[in-house]
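Atoms considered below: every heavy atom in the structure, side chains included; atoms not considered: hydrogens, waters and symmetry mates.
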Amino acid sequence: MSCSHLSTAWSSSALATRRRSAPSSGSSGRLQVVRCSLRELRSRIDSVRNTQKITEAMKLVAAAKVRRAQEAVVSSRPFSEALVEVLYNMNQEIQTEDIDLPLTRIRPVKKVALVVLTGERGLCGSFNNNVLKKAETRIEELKQLGLGYTVVSVGKKGNAYFIRRPFIPTERTLEVNGIPTVKDSQSICDLVYSLFVSEAVDKVELLYSKFVSLVRSDPIIQTLLPMSPKGEICDINGVCVDATEDELFRLTTKEGKLTVEREKVKIETQPFSPVVQFEQDPVQILDALLPLYLNSQILRALQESLASELAARMSAMSSATDNAIELRKNLSMVYNRQRQAKITGEILEIVAGADALA
(Lines give C-alpha, C1' and ligand atoms only; values in the text may rest on other atoms or scores of the structure.)
Protein backbone atom coordinates (compact mmCIF):
# COMPACT_ATOMS: atom_id res chain seq x y z
CA MET A 1 0.00 0.00 0.00
CA SER A 2 1.46 3.35 -1.03
CA CYS A 3 1.52 6.68 0.78
CA SER A 4 -1.29 7.98 -1.39
CA HIS A 5 -3.71 6.03 0.82
CA LEU A 6 -2.90 8.12 3.87
CA SER A 7 -5.88 10.17 4.98
CA THR A 8 -6.93 12.56 7.68
CA ALA A 9 -7.75 9.53 9.85
CA TRP A 10 -4.08 9.41 10.83
CA SER A 11 -4.43 11.20 14.12
CA SER A 12 -1.96 10.81 16.94
CA SER A 13 -4.41 8.77 19.01
CA ALA A 14 -5.09 6.43 16.11
CA LEU A 15 -1.37 5.88 15.59
CA ALA A 16 -0.89 5.16 19.28
CA THR A 17 -3.78 2.67 19.23
CA ARG A 18 -2.30 0.89 16.22
CA ARG A 19 1.08 0.56 17.90
CA ARG A 20 -0.42 -0.81 21.12
CA SER A 21 -2.65 -3.34 19.37
CA ALA A 22 -1.04 -6.71 18.73
CA PRO A 23 -1.15 -7.99 15.14
CA SER A 24 -3.84 -10.57 14.56
CA SER A 25 -3.95 -12.21 11.16
CA GLY A 26 -7.43 -13.63 11.83
CA SER A 27 -9.03 -10.30 12.69
CA SER A 28 -10.97 -8.97 9.71
CA GLY A 29 -11.50 -5.54 11.32
CA ARG A 30 -7.77 -5.01 12.11
CA LEU A 31 -6.36 -1.67 10.94
CA GLN A 32 -3.49 -2.08 8.51
CA VAL A 33 -0.44 0.10 9.18
CA VAL A 34 0.78 1.87 6.08
CA ARG A 35 4.57 2.11 5.92
CA CYS A 36 6.13 4.77 3.72
CA SER A 37 9.63 6.02 3.20
CA LEU A 38 10.55 9.55 4.20
CA ARG A 39 10.96 10.48 0.54
CA GLU A 40 7.42 9.29 -0.27
CA LEU A 41 6.03 11.23 2.70
CA ARG A 42 7.83 14.42 1.60
CA SER A 43 6.45 13.99 -1.92
CA ARG A 44 2.95 13.46 -0.53
CA ILE A 45 3.21 16.56 1.69
CA ASP A 46 4.36 18.67 -1.27
CA SER A 47 1.45 17.35 -3.36
CA VAL A 48 -1.08 18.24 -0.65
CA ARG A 49 0.51 21.70 -0.29
CA ASN A 50 0.12 22.33 -4.02
CA THR A 51 -3.49 21.15 -3.90
CA GLN A 52 -4.12 23.55 -1.03
CA LYS A 53 -2.76 26.46 -3.08
CA ILE A 54 -5.01 25.53 -6.01
CA THR A 55 -8.18 25.31 -3.90
CA GLU A 56 -7.37 28.62 -2.18
CA ALA A 57 -6.89 30.29 -5.58
CA MET A 58 -10.17 28.85 -6.88
CA LYS A 59 -11.95 30.15 -3.79
CA LEU A 60 -10.64 33.68 -4.37
CA VAL A 61 -11.54 33.54 -8.07
CA ALA A 62 -15.09 32.48 -7.20
CA ALA A 63 -15.34 35.37 -4.72
CA ALA A 64 -14.21 37.85 -7.38
CA LYS A 65 -16.77 36.47 -9.83
CA VAL A 66 -19.53 36.80 -7.23
CA ARG A 67 -18.67 40.50 -7.03
CA ARG A 68 -18.89 40.83 -10.81
CA ALA A 69 -22.23 39.01 -10.80
CA GLN A 70 -23.45 41.53 -8.23
CA GLU A 71 -22.30 44.39 -10.44
CA ALA A 72 -24.24 42.88 -13.35
CA VAL A 73 -27.42 42.87 -11.23
CA VAL A 74 -26.85 46.51 -10.24
CA SER A 75 -26.15 47.64 -13.81
CA SER A 76 -29.41 46.11 -15.06
CA ARG A 77 -31.45 47.74 -12.29
CA PRO A 78 -32.32 51.07 -14.03
CA PHE A 79 -33.84 49.29 -17.03
CA SER A 80 -35.81 46.92 -14.79
CA GLU A 81 -37.12 49.80 -12.68
CA ALA A 82 -38.27 51.75 -15.74
CA LEU A 83 -39.85 48.67 -17.28
CA VAL A 84 -41.77 47.80 -14.11
CA GLU A 85 -42.97 51.38 -13.78
CA VAL A 86 -44.29 51.49 -17.34
CA LEU A 87 -45.80 48.02 -17.05
CA TYR A 88 -47.72 48.82 -13.87
CA ASN A 89 -49.00 52.15 -15.05
CA MET A 90 -50.01 50.68 -18.40
CA ASN A 91 -51.97 48.02 -16.56
CA GLN A 92 -53.78 50.73 -14.61
CA GLU A 93 -54.87 52.29 -17.88
CA ILE A 94 -56.46 49.10 -19.20
CA GLN A 95 -57.57 47.35 -16.01
CA THR A 96 -61.22 47.89 -16.88
CA GLU A 97 -60.84 46.39 -20.36
CA ASP A 98 -61.15 42.76 -21.31
CA ILE A 99 -57.74 42.19 -22.89
CA ASP A 100 -56.41 39.13 -24.68
CA LEU A 101 -52.63 38.96 -24.86
CA PRO A 102 -50.73 35.90 -26.19
CA LEU A 103 -48.44 35.63 -23.15
CA THR A 104 -51.29 35.90 -20.64
CA ARG A 105 -53.63 33.44 -22.34
CA ILE A 106 -54.62 30.63 -19.95
CA ARG A 107 -55.66 27.35 -21.51
CA PRO A 108 -56.01 23.75 -20.30
CA VAL A 109 -52.56 22.34 -19.58
CA LYS A 110 -51.68 19.28 -21.66
CA LYS A 111 -47.93 19.76 -22.04
CA VAL A 112 -45.34 21.62 -19.93
CA ALA A 113 -41.93 22.98 -20.94
CA LEU A 114 -39.42 22.81 -18.08
CA VAL A 115 -36.45 25.19 -18.43
CA VAL A 116 -33.60 23.87 -16.24
CA LEU A 117 -30.68 26.18 -15.37
CA THR A 118 -27.48 24.42 -14.27
CA GLY A 119 -23.82 25.38 -14.03
CA GLU A 120 -21.19 25.37 -16.73
CA ARG A 121 -18.53 23.76 -14.52
CA GLY A 122 -18.17 21.36 -11.63
CA LEU A 123 -16.23 21.63 -8.36
CA CYS A 124 -19.20 23.38 -6.74
CA GLY A 125 -20.43 20.78 -4.26
CA SER A 126 -24.00 19.58 -4.67
CA PHE A 127 -25.17 22.64 -6.60
CA ASN A 128 -25.85 20.91 -9.92
CA ASN A 129 -27.12 17.70 -8.29
CA ASN A 130 -29.73 19.61 -6.29
CA VAL A 131 -31.11 21.28 -9.43
CA LEU A 132 -31.18 18.02 -11.40
CA LYS A 133 -32.85 16.14 -8.54
CA LYS A 134 -35.50 18.88 -8.39
CA ALA A 135 -36.01 18.46 -12.14
CA GLU A 136 -36.39 14.68 -11.76
CA THR A 137 -38.95 15.18 -9.00
CA ARG A 138 -40.95 17.64 -11.13
CA ILE A 139 -40.86 15.29 -14.13
CA GLU A 140 -42.24 12.46 -11.98
CA GLU A 141 -45.02 14.75 -10.77
CA LEU A 142 -45.96 15.62 -14.36
CA LYS A 143 -45.99 11.94 -15.27
CA GLN A 144 -48.29 11.13 -12.37
CA LEU A 145 -50.63 13.91 -13.49
CA GLY A 146 -50.71 12.43 -16.99
CA LEU A 147 -49.19 15.55 -18.58
CA GLY A 148 -46.70 15.71 -21.40
CA TYR A 149 -43.42 17.52 -20.89
CA THR A 150 -40.28 18.65 -22.64
CA VAL A 151 -37.01 19.97 -21.22
CA VAL A 152 -35.00 23.03 -22.23
CA SER A 153 -31.55 22.57 -20.66
CA VAL A 154 -29.29 25.59 -20.05
CA GLY A 155 -25.76 24.81 -18.83
CA LYS A 156 -23.11 22.24 -19.71
CA LYS A 157 -23.73 20.08 -16.65
CA GLY A 158 -27.45 19.83 -17.33
CA ASN A 159 -26.84 19.25 -21.04
CA ALA A 160 -24.53 16.31 -20.32
CA TYR A 161 -27.06 14.92 -17.84
CA PHE A 162 -30.01 14.96 -20.26
CA ILE A 163 -27.92 13.78 -23.24
CA ARG A 164 -27.09 10.64 -21.26
CA ARG A 165 -30.84 10.10 -20.72
CA PRO A 166 -32.46 9.95 -24.16
CA PHE A 167 -35.73 8.77 -22.62
CA ILE A 168 -36.28 12.34 -21.31
CA PRO A 169 -37.60 14.49 -24.20
CA THR A 170 -35.32 17.50 -24.63
CA GLU A 171 -36.36 20.42 -26.81
CA ARG A 172 -32.96 22.13 -26.92
CA THR A 173 -29.66 22.45 -25.04
CA LEU A 174 -28.07 25.87 -24.54
CA GLU A 175 -24.90 27.17 -22.91
CA VAL A 176 -24.07 30.42 -21.12
CA ASN A 177 -20.38 31.32 -20.98
CA GLY A 178 -19.29 33.79 -18.31
CA ILE A 179 -21.65 36.34 -16.81
CA PRO A 180 -25.13 36.10 -18.39
CA THR A 181 -26.01 38.82 -20.86
CA VAL A 182 -29.23 40.02 -22.46
CA LYS A 183 -28.26 38.06 -25.57
CA ASP A 184 -28.18 34.83 -23.56
CA SER A 185 -31.55 35.46 -21.95
CA GLN A 186 -33.03 36.56 -25.29
CA SER A 187 -32.24 33.19 -26.90
CA ILE A 188 -34.10 31.41 -24.08
CA CYS A 189 -36.94 33.95 -24.23
CA ASP A 190 -37.39 33.49 -27.99
CA LEU A 191 -37.53 29.71 -27.59
CA VAL A 192 -40.13 29.62 -24.80
CA TYR A 193 -42.11 32.40 -26.51
CA SER A 194 -42.39 30.41 -29.74
CA LEU A 195 -43.27 27.21 -27.86
CA PHE A 196 -46.04 28.90 -25.90
CA VAL A 197 -47.54 31.09 -28.64
CA SER A 198 -47.58 28.22 -31.15
CA GLU A 199 -49.41 26.14 -28.49
CA ALA A 200 -46.72 23.46 -28.60
CA VAL A 201 -46.82 23.73 -24.81
CA ASP A 202 -49.49 25.17 -22.54
CA LYS A 203 -47.23 26.16 -19.65
CA VAL A 204 -43.57 27.09 -19.18
CA GLU A 205 -41.78 26.55 -15.86
CA LEU A 206 -38.32 27.81 -14.93
CA LEU A 207 -36.17 25.76 -12.53
CA TYR A 208 -33.11 27.47 -11.05
CA SER A 209 -31.23 27.96 -7.77
CA LYS A 210 -32.24 31.07 -5.88
CA PHE A 211 -29.28 32.69 -4.15
CA VAL A 212 -29.80 32.84 -0.37
CA SER A 213 -26.33 32.99 1.17
CA LEU A 214 -22.77 31.83 0.56
CA VAL A 215 -23.62 28.46 2.11
CA ARG A 216 -27.18 28.04 0.91
CA SER A 217 -29.13 28.14 -2.34
CA ASP A 218 -32.68 26.88 -2.83
CA PRO A 219 -33.79 25.26 -6.11
CA ILE A 220 -37.18 26.73 -7.00
CA ILE A 221 -39.67 26.33 -9.84
CA GLN A 222 -41.17 29.55 -11.18
CA THR A 223 -44.05 29.79 -13.62
CA LEU A 224 -42.89 31.83 -16.62
CA LEU A 225 -45.88 31.46 -18.93
CA PRO A 226 -48.71 32.26 -18.90
CA MET A 227 -47.86 35.63 -17.37
CA SER A 228 -49.98 38.01 -15.37
CA PRO A 229 -50.73 41.32 -17.09
CA LYS A 230 -49.19 43.01 -14.04
CA GLY A 231 -45.94 41.18 -14.58
CA GLU A 232 -46.13 39.23 -11.34
CA ILE A 233 -43.68 36.42 -10.67
CA CYS A 234 -45.58 33.30 -9.56
CA ASP A 235 -44.36 29.88 -8.51
CA ILE A 236 -46.10 26.62 -9.39
CA ASN A 237 -48.31 26.95 -6.30
CA GLY A 238 -49.70 30.27 -7.49
CA VAL A 239 -47.85 32.34 -4.86
CA CYS A 240 -46.87 35.60 -6.54
CA VAL A 241 -44.14 38.06 -5.62
CA ASP A 242 -44.65 41.77 -6.10
CA ALA A 243 -42.51 42.78 -9.07
CA THR A 244 -41.87 46.19 -7.57
CA GLU A 245 -39.95 44.64 -4.68
CA ASP A 246 -36.39 43.80 -5.59
CA GLU A 247 -33.71 42.11 -3.54
CA LEU A 248 -30.04 43.00 -3.67
CA PHE A 249 -27.19 40.90 -2.30
CA ARG A 250 -23.82 42.43 -1.50
CA LEU A 251 -20.60 40.48 -0.82
CA THR A 252 -18.66 42.02 2.10
CA THR A 253 -16.07 41.05 4.70
CA LYS A 254 -16.80 40.86 8.40
CA GLU A 255 -14.13 39.99 10.98
CA GLY A 256 -11.87 38.71 8.23
CA LYS A 257 -14.52 36.40 6.72
CA LEU A 258 -16.64 36.71 3.61
CA THR A 259 -20.32 37.31 4.23
CA VAL A 260 -23.40 38.43 2.31
CA GLU A 261 -25.68 41.33 3.15
CA ARG A 262 -29.17 41.32 1.67
CA GLU A 263 -31.25 44.41 1.14
CA LYS A 264 -34.82 44.69 -0.06
CA VAL A 265 -35.48 47.67 -2.31
CA LYS A 266 -38.98 48.96 -2.97
CA ILE A 267 -39.35 50.57 -6.36
CA GLU A 268 -41.72 53.52 -6.13
CA THR A 269 -43.87 53.61 -9.27
CA GLN A 270 -45.01 57.11 -10.05
CA PRO A 271 -48.30 57.47 -11.97
CA PHE A 272 -48.20 58.86 -15.47
CA SER A 273 -48.84 62.54 -15.91
CA PRO A 274 -52.39 63.34 -17.05
CA VAL A 275 -50.96 65.11 -20.07
CA VAL A 276 -49.31 61.93 -21.35
CA GLN A 277 -51.07 60.59 -24.45
CA PHE A 278 -50.43 57.26 -26.14
CA GLU A 279 -50.03 57.18 -29.89
CA GLN A 280 -50.79 53.48 -29.90
CA ASP A 281 -53.44 51.51 -28.11
CA PRO A 282 -52.29 50.64 -24.51
CA VAL A 283 -53.04 46.98 -25.20
CA GLN A 284 -50.55 46.99 -28.08
CA ILE A 285 -47.93 48.68 -25.92
CA LEU A 286 -48.49 46.14 -23.15
CA ASP A 287 -48.25 43.31 -25.69
CA ALA A 288 -44.79 44.65 -26.65
CA LEU A 289 -43.66 45.15 -23.04
CA LEU A 290 -44.47 41.69 -21.70
CA PRO A 291 -41.79 39.93 -23.84
CA LEU A 292 -39.26 42.47 -22.56
CA TYR A 293 -40.33 41.75 -19.00
CA LEU A 294 -40.14 38.02 -19.67
CA ASN A 295 -36.58 38.50 -20.92
CA SER A 296 -35.63 40.48 -17.80
CA GLN A 297 -36.99 37.73 -15.54
CA ILE A 298 -34.98 35.05 -17.36
CA LEU A 299 -31.87 37.24 -17.12
CA ARG A 300 -32.38 37.68 -13.39
CA ALA A 301 -32.80 33.90 -12.96
CA LEU A 302 -29.53 33.34 -14.86
CA GLN A 303 -27.78 35.83 -12.57
CA GLU A 304 -29.24 34.19 -9.45
CA SER A 305 -28.15 30.76 -10.70
CA LEU A 306 -24.62 32.01 -11.42
CA ALA A 307 -24.34 33.62 -7.98
CA SER A 308 -25.52 30.37 -6.37
CA GLU A 309 -22.99 28.34 -8.38
CA LEU A 310 -20.11 30.65 -7.44
CA ALA A 311 -21.13 30.66 -3.77
CA ALA A 312 -21.30 26.85 -3.82
CA ARG A 313 -17.85 26.72 -5.42
CA MET A 314 -16.48 29.07 -2.75
CA SER A 315 -17.88 26.83 -0.02
CA ALA A 316 -16.60 23.64 -1.68
CA MET A 317 -13.10 25.05 -2.23
CA SER A 318 -13.05 26.35 1.35
CA SER A 319 -13.85 22.85 2.65
CA ALA A 320 -11.24 21.34 0.32
CA THR A 321 -8.64 23.80 1.62
CA ASP A 322 -9.47 22.93 5.23
CA ASN A 323 -9.20 19.21 4.44
CA ALA A 324 -5.85 19.76 2.72
CA ILE A 325 -4.54 21.64 5.76
CA GLU A 326 -5.66 18.83 8.08
CA LEU A 327 -4.20 16.13 5.83
CA ARG A 328 -0.93 18.01 5.54
CA LYS A 329 -0.78 18.37 9.32
CA ASN A 330 -1.31 14.63 9.85
CA LEU A 331 1.24 13.71 7.18
CA SER A 332 3.79 16.06 8.75
CA MET A 333 3.17 14.37 12.10
CA VAL A 334 3.81 10.94 10.59
CA TYR A 335 6.89 12.25 8.78
CA ASN A 336 8.37 13.79 11.95
CA ARG A 337 7.79 10.63 13.95
CA GLN A 338 9.43 8.42 11.36
CA ARG A 339 12.33 10.84 11.01
CA GLN A 340 12.76 10.94 14.78
CA ALA A 341 12.65 7.13 14.95
CA LYS A 342 15.26 6.89 12.21
CA ILE A 343 17.59 9.35 13.98
CA THR A 344 17.09 7.55 17.29
CA GLY A 345 17.91 4.24 15.65
CA GLU A 346 21.10 5.65 14.15
CA ILE A 347 22.17 7.07 17.54
CA LEU A 348 21.54 3.70 19.19
CA GLU A 349 23.65 1.99 16.54
CA ILE A 350 26.50 4.46 17.13
CA VAL A 351 26.31 3.98 20.89
CA ALA A 352 26.19 0.21 20.54
CA GLY A 353 29.23 0.31 18.24
CA ALA A 354 31.11 2.50 20.67
CA ASP A 355 30.29 0.15 23.54
CA ALA A 356 31.46 -2.81 21.49
CA LEU A 357 34.80 -1.13 20.75
CA ALA A 358 35.24 -0.23 24.41
Between [X] and [Y], is there shared hydrophobic-cluster membership here, with clusters defined by ILVMFWY side-chain heavy atoms closer than 4.5 Å?
X: Met314; Y: Phe127; answer: no
X: Leu38; Y: Ile347; answer: no
X: Tyr193; Y: Tyr293; answer: yes
X: Val48; Y: Leu123; answer: no
X: Ile221; Y: Val151; answer: yes

Side chains of [X] and [Y]: closer than 4.5 Å at any heavy-atom pair?
X: Leu195; Y: Val204; answer: no
X: Tyr335; Y: Arg44; answer: no
X: Val61; Y: Arg313; answer: no
X: Asn330; Y: Glu326; answer: yes

Nearest atoms (heavy-atom pairs only) where [X] meets [Y]:
X: Val109; Y: Leu147; answer: O-CD2, 3.3 Å
X: Ala316; Y: Gly125; answer: CB-N, 3.7 Å
X: Pro219; Y: Lys134; answer: O-CE, 3.7 Å
X: Thr55; Y: Ala320; answer: CG2-CB, 3.8 Å
X: Ala135; Y: Val116; answer: CB-CG2, 4.1 Å

[X] side chain vs [Y] backbone, donor-acceptor pair below 3.5 Å:
X: Ser315; Y: Ala311; answer: no
X: Glu120; Y: Val176; answer: yes
X: Ser126; Y: Asn129; answer: no
X: Asn295; Y: Pro291; answer: no
X: Thr181; Y: Ile179; answer: no
X: Ser308; Y: Ser209; answer: yes

Check: Can a salt bridge be assigned to the pair Glu141 and Arg138 using a cut-off of 4.0 Å between side-chain N and carboxylate O?
Finding: yes
Item checked: Side-chain ion pair, Glu304 and Arg300, N-O less than 4.0 Å -> yes
To the nearest 0.5 Å, what is the distance between [atom1] on [X] and [atom2] on [Y]?
X: Glu349; Y: Glu346; atom1: CD; atom2: CD; answer: 7.0 Å
X: Arg49; Y: Arg328; atom1: CZ; atom2: CZ; answer: 4.5 Å
X: Asn323; Y: Gln52; atom1: CG; atom2: CD; answer: 11.0 Å
X: Lys156; Y: Leu174; atom1: NZ; atom2: CG; answer: 13.0 Å
X: Gln303; Y: Ile298; atom1: CD; atom2: CD1; answer: 12.5 Å
X: Met317; Y: Leu310; atom1: CE; atom2: CG; answer: 12.0 Å

Check: Does the side chain of Asn128 pick up a donor-acceptor pair with the side chain of Thr118 at under 3.5 Å?
Finding: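 No.
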Notebook entry, point to check: Going through the checks in order, is the side chain to side chain contact (heavy atoms under 4.5 Å, CB included) test met by Val154 and Leu302?
Noted result: CA-CA 9 Å; Val154 182; Leu302 289 172; 4.3 Å; yes
Check: Can Leu117 and Val131 be said to form a side chain to side chain contact (heavy atoms under 4.5 Å, CB included), step by step?
Finding: CA-CA 8 Å; Leu117 305 186; Val131 176; 6.0 Å; no
Check: Hey, is CZ on Arg39 packed in by over 12 heavy atoms from elsewhere, all under 6.0 Å?
Finding: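 Counting other residues, nucleotides and ligands, CZ of Arg39 stays at 12 neighbours or fewer.
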Note to self: Set out, in order, the CA-CA distance, both residues' side-chain angles and the distance that settles side chain to side chain contact (heavy atoms under 4.5 Å, CB included) for Val115 and Leu191, then state yes or no.
What the structure shows: CA-CA 10 Å; Val115 183; Leu191 177 60; over 6 Å; no
Checklist line | side chain to side chain donor-acceptor pair (under 3.5 Å) partners for Tyr149, two or more places apart | finding: none
Checklist line | Sequence neighbours excluded, every pair satisfying salt bridge (charged side-chain N to carboxylate O under 4.0 Å, His left out) that has a member inside residues 182-202 | finding: Arg107-Asp202
Note to self: Could you walk me through whether Leu290 and Leu294 satisfy the side chain to side chain contact (heavy atoms under 4.5 Å, CB included) test, starting with their C-alpha distance in whole Å, then the side-chain angles of each, then the deciding distance to 0.1 Å, before giving a yes or no?
What the structure shows: CA-CA 6 Å; Leu290 284 179; Leu294 176 64; over 6 Å; no
Margin query: Test of understanding: with salt bridge (charged side-chain N to carboxylate O under 4.0 Å, His left out), list the residues that count as partners of Arg164, not counting sequence neighbours.
Written below: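 Residues passing salt bridge (charged side-chain N to carboxylate O under 4.0 Å, His left out) with Arg164: none at all.
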